[in-house]
Each structure stands twice: as structure tokens, then as C-alpha cells.
Amino acid sequence: MDELNRDTIICTQKFDHWTSLKKKTKHKVKFVLLEKKETILNSDVILYFWPNSKIEAIFHLKYIFSILSEKHSIFLIGEKNSGINTARSLLKKWIQLKKIDSAKHCFLFEGKIILKPKFQFDTFIHNNIWNKININTIPGIFSYNKVDIGSQLLISTFTKSIRGNVLDIGCGSGILSASLMKYSNYVTLTLVDINIAALRSSELTLKANNIIGNIYPSNIYSNINEKFDLIISNPPIHKNFKINLNYIKEIIKNSVKYLTKKGEIRIVINSSISCHKIFKYTFSKYNILKENNNFKVYQAYKIYKKLN
């Protein structure tokens, strides 16, 4: 990374990447959704890392293309299984791309702008009404255009009896917190995510439903400094297309540090993934609150913390 030009600016949407890069490089690192126009316009070269979502790539690149001129060079790099090989057809209206290199798992394209598009942020906001809740999402988050089945199952366990401080880990669209507030007016919401697109989506969703909540970036508990009466989450089980349970394990194992004396964790997991081992390691007692063919909602209380 430090072999890059000293004037290099690194922009990332992931909070964990931002915190890591700040320690590893002397270059300027920004945690942003869309970089300032002035920065892009004053750049000689743009290097864009292709995401796993095509709509996310179009969202970012249409914004960048709307700013660049013919003098600018832009490079796209990405893993083959991310769909980067479709870039030429997806972007052909605005840029002419040529493949200049490839490796076992990656492609590298170079391109010049042929037509500057008009970019309107609002056209990328997906609005969905579900269960009388107004959900607003932007590209780059899980379940961009729908409410996933796992979240629906977790929401179905919410009742009016839930009260106190609630932490929503991996808040995504904000649907869990917005739904919880519909059941109970006696909760204080804190929503965290590593993805700035998710944080922005949650802001839009809460605002659309006249809900107040604290929303800020955190790599699970990395930015958390208080305790909660309830922790809820619909965590990811994949990383770079491969099953990775580290995120789930950290949420469960470290939850006891951030729960009040009688606090509760309630988390939904795909039925193909067993969390019995990590729950047994962390709590002396837990239960499956609800399940269907695809998902299970696990529940445990701080009072059953194991003395490991």
C-alpha cells in the first residue's frame, strides 16, 4: 500500500477497513459513501475496486463518471467471481473499457469516459413499504430491495414487553429497529454497522418513520462504550462468497460484556449453521425462541453467563 504515490487518497465504505488502513499506511484514508467532487476532479488516476453487487458498482461509478473528463484514466479491478467481467456491458453507455491484465482470480480494466451521465442520488434510493414500515435503502447493503426472511422471523418475536436500551448490530436497512419501535415506545435505539451505506440507509428509514435512534459505525463492539438491555442482530454468514462464522461468534461471545445485569441477546441465524457450541460456551442456558425451515432465533440472558 505504501508504494502508492504520496498524494494517494484511499476511500472505503467499510469502517473496519478504514480503521485498519489508518494504522498500516501513511496515505490519507477516508470513510465515505461518495467522495467529494473536488477530490475526484483533481485526481489524475482513479482506481476502483469492483464490489460483489452490480447495482452498487453502477451507483459508485455513475457518480464518478458524472464528474470525470476525457483526460482522466480510470482503472477497475476485481475478482472474477464478483462479476467484474460484466463491466464492459454494464457501463458501455458511459465508458469504453479494455482488459489490460488478468490473474488467476482477478481482472484489470482501463477506460476513458465517452459520455458523462447525470447522477441523481435519490434515483438509487429503493423505497419499500413492509408491515406499514417505510424502508429506504441505497446500494451496497444486504437485502437492498426486500426484507429478508431471517429479519422477518426475528421481528415476529418482538413484543410490547421489550423495554430499555437496545443495540442493533449490523443494522443494514434499519428494519429491525424500526419494527421494534412499532411494537414498543419504551426503547432507546442504537444502530451500528461497518458499512457506511447501511448507516445511511438506516438514517433514511428511521427518518421516514419518525423514529429517533443513535446511528454510528462500529465493527461489532469496537466502538461501543455502554451496556444494553437487549442486543439484536441478523448477522452475515459469508465473507467473500465463503462461509465465515467469526462475525457471529464475536457477537455472541462478547455480548455479555455489553449487556446489563438482566440483559438479553436475540439473534437470528440460518438453520444450516449451528450456534449451539458457541452459546454453550458463553451461557449456561439458552433457547431457540422461534424457528422455521430456514432460520432460528436464539435467545440468552446475561444472568446465565458462564464463568469460563
Side-chain angles (χ1 to χ4, degrees), residues 1-78 84 87 90-91 93-95 97 108-126 136-141 144 171-174 191-207 214-219 223:
M1 190 66 71
D2 287 319
E3 294 177 0
L4 297 173
N5 186 284
R6 289 186 179 181
D7 295 328
T8 297
I9 298 174
I10 304 169
C11 301
T12 178
Q13 288 194 168
K14 300 296 180 66
F15 184 69
D16 54 338
H17 293 172
W18 177 74
T19 53
S20 177
L21 287 168
K22 282 185 68 178
K23 297 175 182 178
K24 293 179 179 179
T25 179
K26 296 179 181 178
H27 303 299
K28 191 171 186 179
V29 184
K30 294 185 177 183
F31 177 57
V32 292
L33 180 62
L34 298 171
E35 180 52 85
K36 292 180 180 179
K37 292 183 179 181
E38 294 79 11
T39 304
I40 296 173
L41 193 60
N42 293 327
S43 299
D44 297 312
V45 176
I46 305 290
L47 176 61
Y48 179 79
F49 289 85
W50 191 269
N52 295 331
S53 165
K54 292 179 182 178
I55 184 65
E56 182 182 1
I58 293 173
F59 171 61
H60 294 151
L61 290 171
K62 190 173 182 181
Y63 171 74
I64 294 170
F65 294 164
S66 71
I67 300 167
L68 296 181
S69 66
E70 294 180 357
K71 71 174 185 178
H72 290 96
S73 293
I74 183 166
F75 294 86
L76 310 182
I77 186 170
I84 190 173
L90 286 174
L91 309 173
K93 290 188 295 184
W94 311 307
I95 189 169
L97 290 169
L108 177 64
F109 291 90
E110 181 183 13
K112 294 282 186 179
I113 300 296
I114 56 176
L115 177 66
K116 290 179 66 171
K118 292 182 179 179
F119 177 83
Q120 290 181 296
F121 183 87
D122 289 349
T123 62
F124 285 94
I125 299 175
H126 185 275
N136 289 281
T137 54
I138 59 177
I141 71 163
Y144 164 65
C171 55
S173 67
L191 298 79
V192 298
D193 205 295
I194 61 170
N195 190 339
I196 198 170
L199 299 174
R200 180 64 176 140
S201 295
S202 288
E203 288 176 1
L204 293 170
T205 295
L206 264 58
K207 183 178 180 180
N214 301 309
I215 304 173
Y216 53 86
S218 183
N219 183 11
N223 211 16

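Index from 1, following the sequence.
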For [X] and [Y], which heavy atoms make the closest approach, and how far apart are they?
| X | Y | answer |
| --- | --- | --- |
| Val32 | Gln13 | O-CG, 3.4 Å |
| Ile84 | Phe109 | O-CE1, 3.8 Å |
| Asn195 | Gly140 | ND2-O, 2.8 Å |
| His60 | Tyr48 | ND1-OH, 2.7 Å |
| Lys62 | Phe124 | CD-CZ, 4.0 Å |
| Cys171 | Leu199 | SG-CD2, 4.2 Å |

Looking at Phe15 versus Phe31, is the centre-to-centre ring distance below 6.0 Å?
yes

Measure from the ring center of Phe119 to the ring center of Phe65 and say whether it is less than 6.0 Å.
no

Before giving the answer on side chain to side chain contact (heavy atoms under 4.5 Å, CB included), spell out for Thr8 and Leu47 the whole-Å C-alpha distance, their side-chain angles and the decisive distance to 0.1 Å.
CA-CA 10 Å; Thr8 297; Leu47 176 61; over 6 Å; no

Under the salt bridge (charged side-chain N to carboxylate O under 4.0 Å, His left out) rule, what do Lys112 and Glu70 come out as? Steps first, then yes or no, please.
CA-CA 6 Å; Lys112 294 282 186 179; Glu70 294 180 357; over 6 Å; no

Check: [X] side chain, [Y] main-chain N or O, donor-acceptor pair, under 3.5 Å:
| X | Y | result |
| --- | --- | --- |
| Thr205 | Asn136 | yes |
| Ser201 | Ala197 | yes |
| Thr19 | Asp16 | yes |
| Asn223 | Pro217 | yes |
| Thr123 | Gln120 | yes |
| Thr25 | Leu21 | no |
| Asp193 | Gly172 | yes |
| Thr12 | Lys14 | yes |
| Ser66 | Lys118 | no |

Once rounded to the nearest 0.5 Å, what's the spacing between atom [atom1] of [X] and atom [atom2] of [Y]?
| X | Y | atom1 | atom2 | answer |
| --- | --- | --- | --- | --- |
| Asp122 | Ile138 | CG | CD1 | 11.0 Å |
| Leu191 | Ile215 | CG | CD1 | 5.0 Å |
| His17 | Lys22 | NE2 | NZ | 15.5 Å |
| Leu34 | Ile64 | CG | CD1 | 8.0 Å |
| Leu61 | Lys54 | CG | NZ | 14.0 Å |

Determine, stepwise, if the pair Phe59 / Leu33 fulfils side chain to side chain contact (heavy atoms under 4.5 Å, CB included).
CA-CA 10 Å; Phe59 171 61; Leu33 180 62; 4.1 Å; yes

Is there a side-chain contact between Pro117 and Lys93, using heavy atoms and a 4.5 Å cut-off?
no

Does any non-hydrogen side-chain atom of Arg200 lie less than 4.5 Å from one of Leu204?
yes

Starting from the C-alpha separation in whole Å, work towards a yes-or-no answer on side chain to side chain contact (heavy atoms under 4.5 Å, CB included) for His72 and Ile46.
CA-CA 8 Å; His72 290 96; Ile46 305 290; 5.5 Å; no

Indicate whether the side chain of His126 and that of Tyr144 have a donor and an acceptor atom separated by less than 3.5 Å.
no

Mind running side chain to side chain contact (heavy atoms under 4.5 Å, CB included) on Val45 and Phe75 for me, showing each step along the way?
CA-CA 8 Å; Val45 176; Phe75 294 86; 3.6 Å; yes

